[in-house]
Amino acid sequence: MAIESKAYQPEIVEKRWYDQWNQSGSFKGNPEAGEKDSYSIVIPPPNVTGMLTMGHVLNNTIQDVLVRNARQQGMNTMWLPGTDHAGIATQTRVEKELRKEGKTRHDLGREKFLDLAVKWRDKHGGIILKQLQSLGASCEWERTVHTLDDDYSHAVLKAFVDLFDRGYLYRGKRMVNWCPVSLTALSDEEVIMKPQKGILYKMKYRIAEDPGAFIEISTTRPETIMGDTAVAVHPDDPRYQKWIGKHAVRPFPEAKIPIIADSAVEKDFGTGALKVTPAHDKLDFEIGERNYLEVIDVFNPDGTLNELAGEPFVGLERFEARKVAANKLEELGLLIEKEDYDNNVGFSERADVPIEPRLSEQWFLKYPKVEEAKKAVRDGMIKFYPERWEKTYLHWLENIQDWCVSRQLWWGHRIPVWYRKGEDRSLPENWHVSLEGPEDPENWDQDEDVLDTWASSWLWPFATMGWPNGDEEKRQGLHTFYPTSALVTGPDIIFFWVARMIMAGLEFMGPEKKELTDDEIRERIPFHHVYFTGIIRDKQGRKMSKSLGNSPDPLDLIAKYGADGLRFSILNVAPIGQDIRFSEENVEQGRNFCNKIWNACRFRQMSGEFEDNTSLQSILSRITPGDLDDVDKAMLSRTLQTIAEVKEAVDTYQFTVITHKLYAFFWTDFCDWYVEASKTKLKDETTKATCLAVQDFVIRQFLMMLHPVCPFITEELWHLMGYGSENSFIHDVQVITAKEVQEALERLGVDKLESAEQSIQALRESITSVRALKAEFNLSSNKSVRFLLQENKDFSELISEQSDNLKNLSGIGTLDIVSDTPENMPVTVTPVGSFYLDLRGAIDVDKERARIEKEVQKLQGIIKGIEGKLNNEGFVANAPASVVEGAKKQLEENQGKLGQLNAMLSKLE
RNA sequence: GGGCGACUAGCUCAGUUGGUUAGAGCACCUCGUUUACACCGAGGGGGUCACAGGUUCGAAUCCUGUGUCGCCCACCA
């Protein structure tokens, strides 16, 4: 095999490897290995009919980096994939299709509709999993779980029954968030508050007992007047004392309603008097309960008005009714004024219409293990990255409200509750709750509703591994892979999913218990770490969404830039805890990097035959320690450092650090410097073999480090460079630490790496300065220029050793070492000495003087600053010795530089 | 109304316990096709680190306040 093409072609390479990995069983974990040395992640299940978005790309790239890294560490690794049935979203899609034929789900009936939904799912479903594969996701695909699978569904219902038996579930008539479009109740978390420009209507109701007197009331919702059953004022409000206990006249339908006192009323808002509509407002409902008020529901489920509203409102849509009601008030002379008003209105997350507070009978869950869930995070048994989300999490748990888990949908897990036929469903004696159903089904009706999708996905970390079937748990390795190692998700579902999974784990991953000890909490938590990604936004900072059309199709990006390029780039711009502004230009960097790697390897191939590259040891044994110069040693030193830095970054979830370090290491240190310097060495047969071995070593370790981020190109090059045999993979090779590599080098007799790195750093800086001086005189591409060098004595050995490199890399034709300052020559003062550009007298003395004087001025500024510091007693007394030493050294260096420049100035004529 | 986050080069962002002259990528300017790579190489310009105080020998970094933007939570109709 050989590296042929001039540019890296990801489409060919990616196709080659994915199936091989998957078929070889590389992605499989061993369920029997036990918890020790196991690493597991469960995927946040995407909607089964969803398409890959940039959010998925980020999220799953991170997970893939984590599991691939774990495999390289030799851990028993398992990444479990799956999909979510996504109740409302999927049902809405199917209903939309139906509507095209002019039908509703009710025309079909439950069974036929569900058949259709299943067909829809099977046709459009699972595409996203294929898309994840083209991204390179190394999931154990044989374990793919869908939340409506039989086993998973059984788990969901079992959890429901258990929670009922344990007293956490109850059915009650309560105020819920009703979506008039989806026609279902929603949980509080599914309601999005949005600021709205509305109108505050100020109106007046007659006082029944006192003709001619009125009470003034403010409302934003005149369409609910028909449901008013009281007017409430604050008990301490002096203005209204005289009316408490009397009656107001509701204008339409006209009726006497009591004026009551309730401390929930804000005295300072509006007129201080509140119309109370218990059926259509949560606060009003509570006031109604306290004061035994009648509840009049004037709305139909779809948000139109019903007969109780009376004419002319019956059948009107709610916002239309608002206008009609306002007009009617005006006609009756009861409207005082209309005022523009900004307020917050709850919207249905899915349907994006204002929700309607509505009284209905639903199933509610009182959350289990709330205190333990707080403790788990507060005490660090579960760690959040970044930490600050702990506050958000704890705040939510402090103020937790019961969870409305029933949904008036068909697509989902049907609630395992049966009601005695014809009896009152609100009475517990008429309920049957079980997995099997009642023994006399003819006498019972099953609840029509399904469970909230999140009431199934909150079991994800264990219901995907065989729970609650003991044999299956064992077969699938629940004891091995639970608790999972890390969860990677967005902070937007911290309440929906993360918090609930923690509570579910604490409740179910052990025998029933009211309270848990710390050790039990530790055993039951669903994951050890939670990494919260940022949210991907577009260039303008807007959230990516289908409706805005600002979300690029990741598959297009993969086709254009390669999966590795995309993976590298998304990590490179996604710092921990920050939202990400993404634009396609970002991806170019990743693609370019892959291309750079490809070509560096191609250069290595062109430089000489590959020797035995099959193990680290075989490569190291090709190094002759005596042939290593400082350039080689500096490269080895950088490699060791980078190995350590990248490991640290992976362990602390600093993904941008990983990419930045690898990029700088490979591009700057290896390609721009070492490979360029190699060109000198490769011409010399005595140093060539060692130099190639160093290159092979660096590339090998680099590919291993990069592999979790860019699996495809690293696998390809791994084989092309002869690092692995045909039937093995790069991830089969366990990584070793920087320390272990260093020890291996020391055994070879290779040492003094750090001092070599410092020398080479000085040399590199010097070369840059020489190049800059040449550029200033438009001589960049002239290779035959003569320089005179006044050496810095500390570096004379280095200079003689590296004189070829120095000349080649800075484009010097002739280099003469001198001891005196020459006359009339432009100079650059560098760490290794002063370089004088021999222009054979063709020099503009005034210009040159000006140039040097500018430089002198700059240096004087720096020197003054350092001197000021050193003359400051406080600094010398308090700063650490190393910092003071550093300052002294710096002063010395700059003074030396200044002296050189002044010497040159005196030689300018 | 409470809470959280951001503000550093034209743009997107690094800057980990305070310590040399604040960095990267892109964009820009100049030069370059020397046999890895133009998805390239060399050099360069560009920042009063949002603002105001404070702590300190020393602040982009810590504290207090202000401003702008964003997000989350919250039953003022």
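Each chain gets a letter, A, B and so on, in the order the sequences are listed, and its residues count up from 1.
- Going from atom CZ of R358(A) over to atom P of C75(B) covers 21 Å, rounded to whole Å.
- Among G19(B), C57(B), A36(B), the nucleotide with an atom closest to any side-chain atom of N599(A) is A36(B).
- Contact of Q654(A) with A14(B) (side chain to base): no donor-acceptor pair of N or O atoms is detected under 3.5 Å.
- Rounding to the nearest 0.5 Å places CH2 of W396(A) at 10.0 Å from CD of Q401(A).
- Annotation: U61(B) and C72(B) have their P atoms spaced 29 Å apart (nearest Å).
- In this structure, I866(A) atom CD1 and U20(B) atom P are separated by 11 Å, rounded to whole Å.
- If you take CZ of F532(A) and C1' of C72(B), they are 13 Å apart, rounded to a whole angstrom.
- The base-pairing partner of G18(B), taking Watson-Crick or G-U wobble contacts with both distances under 3.5 Å, does not exist among the strands shown.
- Between the P atoms of G58(B) and C40(B), the separation comes to 46 Å (whole Å).
- Per the geometry, CZ belonging to R591(A) stands 11 Å off P belonging to C26(B), to the nearest Å.
- Side chains of E216(A) and Y205(A): no donor on one and acceptor on the other come within 3.5 Å.
- At whole-Å resolution of the value, CG in N872(A) and C1' in C57(B) are 4 Å apart.
- Straight-line distance between the P atoms of A60(B) and G2(B): roughly 32 Å, to the nearest whole Å.
- Across all strands, P491(A) comes closer than 4.0 Å to no nucleic acid atom at all (heavy-atom distances).
- A ring pair (Phe, Tyr, Trp, His ring centres under 6.0 Å) with Y663(A) is found for exactly one of F702(A), F593(A), F670(A), namely F593(A).
- Within 4.0 Å (heavy atoms only), E676(A) reaches at least one base atom of the nucleic acid.
- Nearest to the side chain of F269(A), among G19(B), C76(B), A36(B), sits C76(B).
- Nearest nucleotide to the side chain of N595(A), out of C37(B), U35(B), G44(B): C37(B).
- Regarding N592(A), its CG atom lies at a distance of 4 Å from the C1' atom of C39(B), rounded to whole Å.
- Applying the 4.0 Å criterion to OP1 and OP2 of G43(B), one finds that T768(A) has a side-chain N or O inside that range.
- Looking at the side chain of S781(A), the nearest of the listed nucleotides C4(B), G19(B), C31(B) is C31(B).
- Out of C73(B), A36(B), C75(B), the shortest distance to the side chain of L283(A) is found at C75(B).
- Atom name P, nucleotides U66(B) and C71(B): the rounded distance is 22 Å, in whole Å.
- Looking only at atom types and distance, the side chain of T680(A) has a donor-acceptor partner in the side chain of N805(A) under 3.5 Å away.
- For the OP1/OP2 pair of A77(B) and a distance below 4.0 Å, the side-chain nitrogens and oxygens of Y341(A) include at least one atom meeting the criterion.
- A side-chain donor from one of K275(A) and T224(A) sits under 3.5 Å from a side-chain acceptor of the other.
- Base pairing annotation: A77(B) forms no Watson-Crick or G-U wobble pair, as no partner gives both donor-acceptor distances under 3.5 Å.
- The residue K391(A) sits close only to the backbone: its heavy atoms come under 4.0 Å of sugar-phosphate atoms, none of a base.
- There is no side-chain donor-acceptor pair under 3.5 Å between T830(A) and E765(A).
- For the pair Y8(A) OH and A38(B) C1', the computed distance is 20 Å after rounding to whole Å.
- The P atoms of G19(B) and G23(B) are separated by 13 Å, rounded to the nearest whole Å.
- Using the Watson-Crick or G-U wobble rule with both distances under 3.5 Å, G67(B) pairs with C7(B).
- The base-pairing partner of A27(B), taking Watson-Crick or G-U wobble contacts with both distances under 3.5 Å, does not exist among the strands shown.
- Between T668(A) and G874(A), the residue whose closest nucleotide on RNA chain B is further toward the 5' end is T668(A).
- As judged by a 4.0 angstrom heavy-atom cut-off over every strand, D672(A) is placed among residues touching the sugar-phosphate backbone only.
- Closest-nucleotide positions on RNA chain B for N778(A) and N878(A) were compared, and the one nearer the 5' end corresponds to N778(A).
- Among the protein residues, A887(A) comes within range of no part of the nucleic acid, since none of its heavy atoms lies under 4.0 Å from any strand.
- Backbone-only contact: T220(A) has heavy atoms under 4.0 Å from sugar-phosphate atoms and none from a base.
- Across every strand in view, G46(B) sits unpaired, with no contact that passes the Watson-Crick or G-U test at under 3.5 angstrom.
- Taking every side-chain heavy atom of R602(A) into account, C37(B) is the closest of C26(B), C31(B), C37(B).
- OP1 or OP2 of C37(B) lies within a sub-4.0 Å distance of a side-chain N or O belonging to K6(A).
- When each of U34(B), U35(B), C39(B) is scored by its nearest atom to the side-chain atoms of K783(A), the top-ranked nucleotide is U34(B).
- For K679(A) and A36(B), the shortest distance from a side-chain N or O to OP1 or OP2 is below 4.0 Å.
- In a base pair of the Watson-Crick type (N1 to N3 plus N6-O4 or O6-N4) or a G-U wobble (N1-O2 and O6-N3), with each distance short of 3.5 Å, A60(B) is matched with no nucleotide.
- Base engagement by V265(A) is indicated by at least one non-hydrogen atom pair under 4.0 Å involving a base atom.
- Here R388(A) does not reach the OP1 or OP2 of C4(B): none of its side-chain N or O atoms lies under 4.0 Å away.
- Remark: the separation of the P atoms in C73(B) and G65(B) is 26 Å, to the nearest Å.
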Run the salt bridge (Lys or Arg N to Asp or Glu O under 4.0 Å) test on R358(A) and D281(A) for me, step by step, so that the C-alpha distance in whole Å, both residues' side-chain angles and the decisive distance to 0.1 Å come before the verdict.
CA-CA 7 Å; R358(A) 182 165 187 249; D281(A) 184 278; over 6 Å; no

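- Taking side-chain N and O atoms only, K596(A) has a distance below 4.0 Å to OP1 or OP2 of G41(B).
- By the 4.5 Å heavy-atom criterion applied to side chains, V231(A) and I260(A) are not counted as neighbours.
- A distance of about 15 Å separates the C1' atoms of U8(B) and G25(B), rounded to the whole Å.
- You'll find that the side chain of F495(A) is closest to C73(B), out of A77(B), A36(B), C73(B).
- Whole-Å rounding puts the Q589(A) CD to C13(B) C1' distance at 11 Å.
- Residue W389(A) places none of its side-chain N or O atoms closer than 4.0 Å to OP1 or OP2 of C72(B).
- Considering only the side chain of N894(A), U21(B) comes nearest among G43(B), U21(B), A77(B).
- Taking 4.0 Å as the cut-off between side-chain N and carboxylate O, D402(A) and R174(A) count as a salt-bridged pair.
- Side chain of N343(A), nearest nucleotide from A77(B), A36(B), C72(B): A77(B).
- Residues D262(A) and N291(A) have side chains that bring a donor and an acceptor to within less than 3.5 angstrom of each other.
- Residue-level contact check: Q890(A) touches the bases, meaning some heavy atom is under 4.0 Å from a base atom.
- G70(B) and G44(B) are spaced 40 Å apart, taking the P atom of each and rounding to whole Å.
- Using a 4.0 Å heavy-atom distance criterion, C594(A) is classed as making no nucleic acid contact.
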